[in-house]
Every structure is written in structure tokens, then in C-alpha cells.
Amino acid sequence: MTDTTTTEPTDKMASPPPGGLPKAYRPSEVEGAIYERWLAADVFAPDGAGSRPDPDAEPFTIIQPPPNITGSLHLGHAQRAAVEDLMTRHARMTGKAALFLPGLDHASIAAQFVLDGIIARDGESRQSLGRERYLERMQDFVTTTREVIVSQERRLGASLDWNRLRYTMDDVSAKAVRVAFKTLHERDLAYRTEALVNWCPGCRTSVSDLEVVSTPETGTLWSIRYHRVDDATGEPLPDESVTVATTRPETILGDTAVAVHPDDARYRALVGRRVRIPFVARDVPIIADAVVDPAFGTGAVKITPAHDHDDHETGKRHGLAMPTILDDAAVVSGTGTAYDGLDRYVARTAILADLDARGDLVGEKPHEMVLGRCQRSNDVIEPRLKTQWFVRTEPLAAKALEATRSGRTRIVPDHFEKTWEHWLTTIRDWNVSRQLWWGHRIPAWYCPDGHVTVSAELEGPSACEDCGRPAAELRQDPDIFDTWFSSGLWPFSTLGWPDETDDFRRFYPTSVMETGYDIIFFWVARMMMLGIELTGSEPFHTITLSGLIRDPFGKKMSKTTGNVVDPLAVMEEAGADALRFALIHGATSGQDQRFGPQKLELARNFANKLWNAARFVLGARPTEIAVDAARTAPAEADLGPIERWIRSRAAAATAAVDRAMADYQFGEVTRALYDGIWSEFCDWGIELAKVRLADESVPVDQRAATWWTLVDALDTYLRLLHPVMPFVTEAIWAAIPHRADDPDLLMVARWPAAAGRDERVDAALGEVIETIVAIRNARAHADLPAGAWLETHLAMATDSRATFEAMAPAIGRLARARPLVPHDRSADLPRPDGALEIVLPSGSFEATVLPPAASDDAVDGAAGRDRARLEKELEEAEGHLVAARARLANTAFTDKAPPAVVEGARTRATELAEQVARLRERLGR
RNA sequence: GGGCGAUUGGCUCAGUGGUUAGAGCACGCGGUUCACAUCCGCGGGGUCACUGGUUCGAAUCCAGUAUCGCCCACCA
């Protein structure tokens with residue numbers, strides 16, 4: 001579907017001729033070449049050749065949350081980019097040295113999960129390839145995805161400084177990881193110990209607490225009889241037993257005790273005796289521990305210290321043995337029973353059957369419980385005893401908490417501070433070891449004597465730190481770091497830390513961390529903890545958290561549900577500008593938003609509206625002004641109320657946008673611009689100006705002033721909108737006259753000052769607009785032909801006379817009132833039969849519209865309909881008047897409310913009373 | 001079990017104490033005015049979830065209730 005009449009080569013689109021824009025707004029053509037122009041002008045970097053930060057400008061830094069290198073971008077990424085780019089472009093235009101630093105995350109476990117799926121299609125697996133070939137395969141994979149991601153971000157218009165592109169697996173990050181870990185180790189904030197970790201049998205690695213998803217499920221609670229053994233003979237006593245309750249019978253094989261509550265009279269005599277664990281022929285003690293809830297199950301608990309968190313703690317308190325019974329794949333092993341080699345759930349079934357056969361399975365009932373599942377693979381997490389590296393979080397969390405409590409770091413919206421507080425105050429040590437291949441290898445070396453050497457050197461230590469054994473005899477830890485460990489260093493590793501680089505000195509601490517609230521713990525908290533500890537300062541002064549993008553039904557977008565939206569497809573259809581606007585417009589910070597075609601359509605229509613408004617302004621240039629005329633400020637004396645109003649409203653929009661930007665209320669930014677540009681500038685500013693521009697009787701200088709006023713306002717709106725819709729604003733801006741000190745590109749032009757606000761002219765024009773709307777309303781209600789020019793009489797207060805004189809042609813045109821006859825007093829208005837009566841609350845204007853010739857069938861009944869309208873208006877006005885008077889009659893109100901409010905209420909009541917009186921009079925009451 | 005958020009017109013959402021609660025979409029009526037039908041004009045439509053409280057005044061603040069959503073949580 002191509003329209004050959006309006007299509008022009010794209011190279012011309014990028015730089016349209018002065019005074020003209022292509023007729024049709026085609027986003028993909030407009031956007032096509034502009035990014036290249038920006039790149040060529042070198043304006044993305046704060047120190048780029050085309051950048052123009054103020055000489056003494058403070059830096060403004062946003063480090064991009066690095067997308068996972070596992071695939072293409074989704075709408076969430078587009079939202080990240082839109083919001084961050086909005087802030088960056090705004091900062092750049094306000095003269096700051098703005099750095100928006102791009103990056104990619106190697107996404108260790110997520111990437112392996114994806115790659116495992118890909119190679120599985122070729123019948124391969126991690127094990128079949130081996131570590132080296134697997135990592136080569138990974139390199140191929142990420143090389144492809146990297147290009148896809150970068151090109152998508154460019155398509156979105158993100159003004160990222162590509163020269164500073166970083167990657168969590170590059171050399172600088174690798175060094176930062178080593179140095180960070182060594183530093184933590186030296187400060188005793190990283191330690192290695194055997195502990196119960198969350199093991200995912202599917203991923204074959206441990207995962208952090210955050211990666212375990214609590215899932216409510218209905219399981220079974222089995223009651224199992226353990227037989228006592230005779231203290232003297234060591235033989236089981238067939239008639240004496242203790243019944244325990246468990247949801248995981250297979251862990252019987254790892255039991256090393258049975259626990260009861262110390263105060264439980266039922267079992268008091270048994271404490272200290274022993275029972276025999278079935279199948280493994282192990283006799284274990286009955287111990288007393290307050291952790292046991294006597295009311296749950298049988299009041300006796302089997303203790304499996306190597307496979308359960310509670311039991312592990314109990315085991316430590318009582319010095320119990322901790323036999324491991326499951327291997328990496330969650331297969332029973334090393335128990336010396338027939339169950340060795342069986343999967344945990346197969347073993348469970350077999351054990352239950354065998355217990356039943358022995359008569360020791362004494363009960364089972366359904367049980368509501370919470371299972372931990374792997375965030376990545378959804379496998380049931382198995383607690384296992386492993387020797388791993390941990391980061392001591394308590395001292396780090398204390399500093400992070402202090403930063404937000406003191407206000408040095410602010411969270412927007414602030415209610416997330418409660419979540420932040422809760423998590424950081426109950427945090428447990430962070431297991432950073434992963435038994436994966438794709439990631440940063442832990443820089444710890446072990447010598448045969450068991451010494452540990454942590455080294456920050458690329459080639460590792462030259463010898464064991466403790467005993468001096470040479471490097472050749474040392475063995476490096478095979479594990480890698482949790483992917484979030486390198487992400488946690490991101491705000492400073494990207495700037496060159498641990499080296500004192502120029503960038504680090506200049507841009508750290510960064511300004512704003514913008515990301516989705518779903519990774520506040522995974523990422524934001526860890527950046528804060530590690531950043532403060534390692535660099536001595538908070539990594540950013542503000543954290544802004546966005547909500548999630550959902551589908552039109554409020555469902556989370558996911559590949560399995562099939563409701564994901566491809567940003568590229570959206571941009572192809574509606575443009576990057578529209579996508580950005582829609583994502584920002586629909587959002588309140590921290591709140592999820594639904595995304596659907598309507599929001600996109602709204603945004604695309606808005607871009608189209610702006611495009612056409614610009615086309616009008618450019619085409620409306622008075623012939624007296626040369627096409628390439630330099631931008632001149634119109635003389636004050638040549639400005640009428642219309643021009644002053646246009647200027648004032650642009651200033652009001654600027655102030656509103658400034659306010660919203662300062663509060664990180666980006667949805668409010670787009671709202672102010674949508675209303676300002678569409679409802680004010682287009683609907684009224686341009687429509688009112690049209691009349692002046694087309695009026696040959698208006699002096700040339702004044703017509704020129706009108707046009708320059710439109711250009712000024714358009715210029716202001718383009719600047720204000722640029723951070724949200726960079727492409728279309730840049731394209732239009734290229735076509736309008738510039739000021740002498742303007743750069744070639746809007747992107748590096750200066751942010752407008754909110755100057756020219758005039759509240760008196762706002763009020764005066766407000767009344768004129770109200771009058772025009774009222775006349776239109778009356779005509780529409782009376783079913784008069786919309787296009788008919790009707791004789792209209794207007795009465796006005798004396799002080800409105802000057803405004804009227806200046807605006808009569810505009811009022812006439814917009815209200816289709818011709819001739820338009822002024823009167824001093826309402827009483828002078830002619831009121832023939834069938835005249836439409838216009839009564840306004842403000843009282844500045846009052847009007848009658850004379851009907852067309854009575855013989856016209858089309859207006860038959862118009863008078864009656866007009867009367868009905870007035871009746872309704874009267875009813876409403878009376879209702880308001882009663883309320884207003886009641887309010888004023890209340891002395892509590894007049895005594896306590898602020899004087900301005902009381903005064904406003906009085907004015908309101910007076911106006912209402914006058915309106916009611918006039919309406920009554922018109923209705924003949 | 002603890003915490004957080006939401007509840008405003010048919011739909012999606014703004015609006016954190018002050019006149020008459022707004023927008024877009026949808027809906028109804030009317031429009032070929034030379035920027036735009038991706039448009040223009042006019043209109044209908046809401047006791048702001050509920051109960052109580054604070055206040056001269058509450059969609060807005062407080063307490064409670066209900067419903068929905070999310071986060072956190074090692075009772076077998």
C-alpha cells in the first residue's frame with residue numbers, strides 16, 4: 001500500500017526543506033534517517049563533538065539496566081529505554097553533561113537455560129559438549145543476540161553513548177568482579193563454608209533465596225512409625241514406637257534424630273532413648289527441642305539435617321551427623337540401600353510401599369504446604385549441604401538502609417521504602433557460588449593443604465598465600481558467580497572501577513537508577529550494598545521504580561501465554577515516537593499498566609496532530625516574511641490578546657512539564673503536553689490565529705507578529721516534547737526557523753524557560769472561549785445547520801470591550817456568527833421570536849443568536865429546543881446556587897476557611913445568582 | 001502468617017483537603033471551512049467499593065470492612 005503522490009526519498013525527509021514538511025506523517029520514514037544524523041553529529045556522548053553541555057555543568061548519569069543477552073527486547077525493555085531516554089534528553093537540553101551508558105548482561109543462569117534448550121534440539125546437552133565447547137557455543141549465541149538488542153535500542157531512539165557500551169562479561173567487568181570479591185574477602189564480608197543451599201536438580205546448581213519461588217501446593221502428610229531400640233540389647237522393640245509425620249518420606253534415609261518438644265508429656269519419658277531408622281539400620285536419638293510444635297502432626301519430628309533448613313539448625317544444636325542422600329540430579333545415592341540410583345520421587349513411592357508392607361505406614365492425609373521451586377526451571381528445590389561462597393549481608397544491608405533512611409538515596413514512589421526496609425532487615429547471607437559454566441569464575445584457589453587464596457590477578461595467584469605452594473599445585477574453584485554479583489557492581493564497573501578513571505571521577509555516583517520494581521531486591525539492593533561498601537558512596541541519589549507492562553486484560557506478558565508484544569512490530573506500525581509516548585503516557589510510577597492498541601493509537605494520532613499543526617504553521621507564513629527569514633522576536637506592541645494568550649499557554653505548559661519532571665511524574669509530562677498541544681495550541685491557538693493571518697486588514701507587522709508567535713509556541717512545544725517523541729520533533733524542528741544561537745539539532749537545543757505567562761490574558765481569553773463554546777452548544781441543541789452563518793448579538797461588560805474589539809473576527813468565525821454585533825448591556829440585545837439565548841456564569845458576555853428565516857423547515861422547533869436547554873441550565877445553576885449560599889451561611893466556614901477561599905465562594909455565589917436571574921428573565925419567569 | 005498496592009463514567013486511567021471530579025477510547029447527534037477524517041463541533045454518561053471518624057470543607061487524611069492483585073515467609 002503505497003501512496004506515490006506524497007512519497008519522497010527518505011534522505012530528504014531527514015532534512016526537509018525550510019517552510020515545508022511532507023503532507024502525510026509517515027513515522028517509519030521520518031524516523032529512518034534521524035538516528036543516523038544524531039550519530040553523525042556525535043551528540044550522544046556528554047563529551048561528543050556536537051554536545052553542548054554548559055561549561056560548568058553538573059553531570060547527569062543514568063546507567064542503563066543491562067538487558068539480558070538472551071534474546072530480543074520486549075515491551076518492558078522499551079519502557080526502560082523510553083523513560084531513561086526521556087530523563088537523559090531532558091537533562092541534556094537543560095545543559096547538563098548527560099551520560100546514558102548502554103550495556104548488556106551475560107545473564108549466566110538465564111542464558112544457560114536458553115542455550116540448553118537450543119542445543120537440546122540438536123540432541124546435545126551441557127554434559128555432552130563439555131565445558132569448553134559449551135562456552136564456545138555460548139559465545140556464538142550471544143554474538144548474534146547482542147546485535148539484535150543494540151539495533152532495537154537504536155530503533156527506539158535511545159540516546160545511549162555507544163562508545164561507552166559495556167558488557168558484564170567484558171575485561172573491565174571481569175576485573176571489577178575479581179577486585180570486588182577479593183576486597184570483600186579481605187574484609188571478612190565473603191566467606192566459604194559448608195551450608196545448606198537451595199539446590200535446583202534441573203539446573204544442577206545452587207540458587208539464591210530470591211530465586212526460589214514459594215509455591216502453594218497440596219501434598220500429603222504421611223505418618224510413619226519408627227521403632228524404639230532396647231537400650232541394653234540394641235535390638236528393636238516391636239511394641240514400642242514413635243510415629244513421626246513427614247511430607248518427604250524419602251528423606252528418612254538421611255534421618256539422624258527424632259525431635260519432640262521438651263514440655264510434651266507424651267514423649268518426656270522417651271527423650272534420650274533411641275529409635276531405628278528403617279532401611280538404613282541406623283539407630284538415632286530422640287531429642288528434645290523447642291522448635292517442635294507439639295500440636296502439629298504427631299508432635300514428633302524426624303530430623304534430616306542435610307536436607308531441610310529447620311532440621312539443619314536442629315542438627316547443629318544437637319551435634320547430629322548430617323548424611324547427604326541425594327546427588328546433583330536429586331537421585332538417591334550413597335545410602336547403601338536398594339533405593340540408591342532412584343530419582344527422589346521414585347524412591348519416595350518405593351519407600352512408602354515398603355513401609356506399608358512392614359506395617360509402619362500408619363496414616364496419610366492431604367496437606368496444604370508451600371514448595372520452593374526454581375525460578376528458572378520450575379523444579380522443586382532440594383536443600384542440600386554444600387561448601388560454597390557466601391557474602392555476609394548484614395553489615396552491607398545496614399549501610400544500604402542508612403542511605404535511604406538518611407535520604408541520601410531516595411526511592412520513587414516512596415512506598416517502596418517499606419518493602420526495601422523489610423527485605424534488608426530480614427536478609428540472609430547471599431550464596432554467590434553457582435555450579436554453572438557461563439559466568440565469572442570465582443577467583444579462589446585451593447591448595448592441597450586446604451588453604452584458600454583469593455586473587456584479583458587475571459592469571460591468578462603465583463603461590464598459596466598460606467604455605468607458599470606454587471601455583472601449579474593450586475586448584476581454582478570450578479564454580480562461577482551468581483550473575484547478580486557482576487550486575488551488583490554495574491554502576492561503577494561500567495565507569496572503570498576499580499581504576500580511578502576520568503569517567504569514574506566525573507560520573508560517579510550516578511544520578512538516577514530507573515528500573516522495574518520486580519528486581520528491587522535482585523539488583524537495586526545489591527548495587528546499593530556493594531556500591532556503598534566498595535566505593536564509599538551510594539551509587540545513585542534517586543531510585544525510580546516503574547510498574548510492569550501487562551496485556552490489555554491485565555495479564556503478565558509471557559511467551560508461554562502467547563500475549564507478548566514485539567516492540568519492533570509496534571514501531572513498524574505506529575512509530576517509535578508513538579510507542580514511547582504510549583508507554584510513558586499510560587504509566588504512574590510503580591503502578592503496572594495495561595498496554596493495548598488504543599493507547600498506541602492515541603499516541604500515533606497525537607504525533608500526526610503535531611505534524612499537521614506544524615504543517616499549518618509553516619504554510620501560514622505571511623508572504624511578507626521570507627522563506628529563510630531569521631527568527632525574530634515579535635515586538636510587544638504588535639501582540640494582541642490572541643498572541644499573548646498563545647505565548648502564555650506555552651509558558652504554562654513549560655511550567656507544568658518542569659514540575660512533573662522534577663517529581664519524576666512522567667505520565668504527567670505527557671498529559672500536560674497532550675492537553676497543551678492539542679486542546680490549547682491546536683484547538684484554540686491556531687484557530688484564533690488563523691483569523692488574524694487571513695485578515696488583510698490587519699497591519700503587516702501585526703500579522704507577522706502573529707505568525708512569529710505561532711512559530712515561537714511551536715518551537716517551545718517541540719522542545720518540551722522532544723524527550724518523549726524525539727524523532728517527529730526533530731524532523732519538524734528542522735523545518736522551522738531557528739534562533740541565531742540554536743544548534744542544528746533539536747536534541748542539543750536548550751530547554752525552554754517558562755516565560756511569558758499572563759494570567760490576565762488567560763482569564764480574558766478563557767471567557768471568550770467559554771462564550772464561543774456556549775454559542776456552539778446552543779446552536780447544536782437547537783439543531784440549526786452547523787454551517788450556517790447567523791446574526792449574533794453580544795453584550796459585554798465594559799472592561800471586556802477591548803478584548804472583544806481585538807477578537808471580534810475570531811469570535812465571529814469560530815462561532816459562525818455573522819454579522820456579530822456588540823452591545824453594552826444585556827438589555828440592549830435584540831430578542832426576536834426564536835432567538836437563541838446565551839447566558840454565561842461569568843457574566844462578561846451574554847448573547848443572542850438570531851434564527852435563520854422562519855420559513856426554513858430545518859429550524860422548525862429550534863426555539864422550543866432552546867427553551868429546554870435554558871430550563872436545564874437554570875435548574876443546574878439553581879442547584880449550585882443553593883449549595884453555594886448554604887456554604888456561605890455556615891459561620892464555621894466563613895470563620896475558619898482561608899480568606900481567599902471564602903472570597904472565591906462569595907464571587908461564585910454572586911455569579912450564580914446573576915446567572916439564575918438572567919436565565920429566569922430570559923425564560924420569562 | 002506478615003507487608004504493600006488497587007478499587008473513580010461501559011473500558012483503560014489521571015486526579016492526595018478548597019468552587020461545578022477530568023482525559024482517551026467507546027457511545028449519540030452534526031460536519032467535504034484551503035493543517036489534520038490518524039480530523040472538527042456538540043452532547044449523554046460517575047452518590048469516586050463500603051462503614052465510621054477527623055475537618056468549616058474529604059475521591060483526597062485516619063480507622064475498620066469487602067473484593068482483586070502483588071511481594072515476603074524454613075512448621076515437619
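Every value quoted in this text rests on a predicted model; they were computed, and no experiment measured them. Chain letters run A, B, ... following the sequence lines, proteins first and then strands; every chain starts at 1.
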5' precedence on RNA chain B between P216(A) and T246(A) (nearest-nucleotide basis): P216(A)
5' precedence on RNA chain B between V617(A) and M369(A) (nearest-nucleotide basis): V617(A)
Identify the nucleotide, in any strand shown, that forms a Watson-Crick or G-U wobble pair with [N], with both distances under 3.5 Å; if there is none, say none.
N	result
C34(B)	none
C75(B)	none
G28(B)	C42(B)
U12(B)	A23(B)
C61(B)	G53(B)
C4(B)	G69(B)

May I ask you to check whether [X] and [Y] show a side-chain donor-acceptor distance below 3.5 Å?
X	Y	answer
D866(A)	H781(A)	no
S206(A)	N198(A)	no
E417(A)	T404(A)	no
T304(A)	K302(A)	yes

So, OP1 or OP2 of [N]: does either fall under 4.0 Å of a side-chain N or O from [X]?
X	N	value
T419(A)	C4(B)	no
R594(A)	U12(B)	yes
K690(A)	A35(B)	yes

Round to a whole Å and report the spacing from [atom1] of [X] to [atom2] of [N].
X	N	atom1	atom2	result
D592(A)	G69(B)	CG	P	13 Å
K896(A)	U54(B)	NZ	C1'	12 Å
L602(A)	U12(B)	CG	P	16 Å
I224(A)	A76(B)	CD1	C1'	11 Å
L548(A)	C71(B)	CG	C1'	12 Å
N890(A)	U55(B)	CG	P	14 Å
D675(A)	C13(B)	CG	C1'	13 Å
W707(A)	A35(B)	CH2	P	15 Å

Validation row, ring centre F416(A) to ring centre W420(A) under 6.0 Å: no
Centroid separation H367(A) to F296(A) less than 6.0 Å: yes
Is there a donor-acceptor pair under 3.5 Å between the side chain of [X] and the backbone N or O of [Y]?
X	Y	value
R317(A)	D289(A)	no
S546(A)	G590(A)	no
D592(A)	L548(A)	yes

I'd like the [atom1] distance from [M] over to [N], given in whole Å.
N	M	atom1	result
G24(B)	A66(B)	P	38 Å
C27(B)	U20(B)	C1'	24 Å
G28(B)	U51(B)	C1'	38 Å
G53(B)	C13(B)	C1'	30 Å
G10(B)	G45(B)	C1'	9 Å
U7(B)	U60(B)	C1'	14 Å
C4(B)	U65(B)	P	13 Å
C29(B)	C34(B)	P	25 Å

Nearest to the side chain of [X], heavy atoms from C-beta on, is which of [options]?
X	options	answer
A786(A)	G15(B), A76(B), G30(B)	G30(B)
S214(A)	A73(B), C72(B), C25(B)	A73(B)
K599(A)	U12(B), A14(B), A76(B)	U12(B)
D308(A)	A76(B), G15(B), A14(B)	A76(B)
F521(A)	C71(B), G5(B), A14(B)	C71(B)

Answer with base, sugar-phosphate or nothing: what part of the nucleic acid does [X] contact at a heavy-atom distance below 4.0 Å?
X	result
R816(A)	base
S679(A)	nothing
F416(A)	nothing
P383(A)	nothing
R428(A)	base

Base U33(B) paired with R813(A) side chain (donor-acceptor, <3.5 Å): no
Side-chain donor/acceptor contact of E687(A) with base of A35(B) under 3.5 Å: yes
Sidechain N-carboxylate O distance under 4.0 Å for R373(A), E211(A): no
Salt bridge flag under 4.0 Å for residues R908(A) and E911(A): no
Summary of protein contacts for nucleotides 37-46 of chain B, nucleotide by nucleotide, where a base hit scores B, a sugar-phosphate-only hit scores S (4.0 Å, heavy atoms): -BSSSSSS--
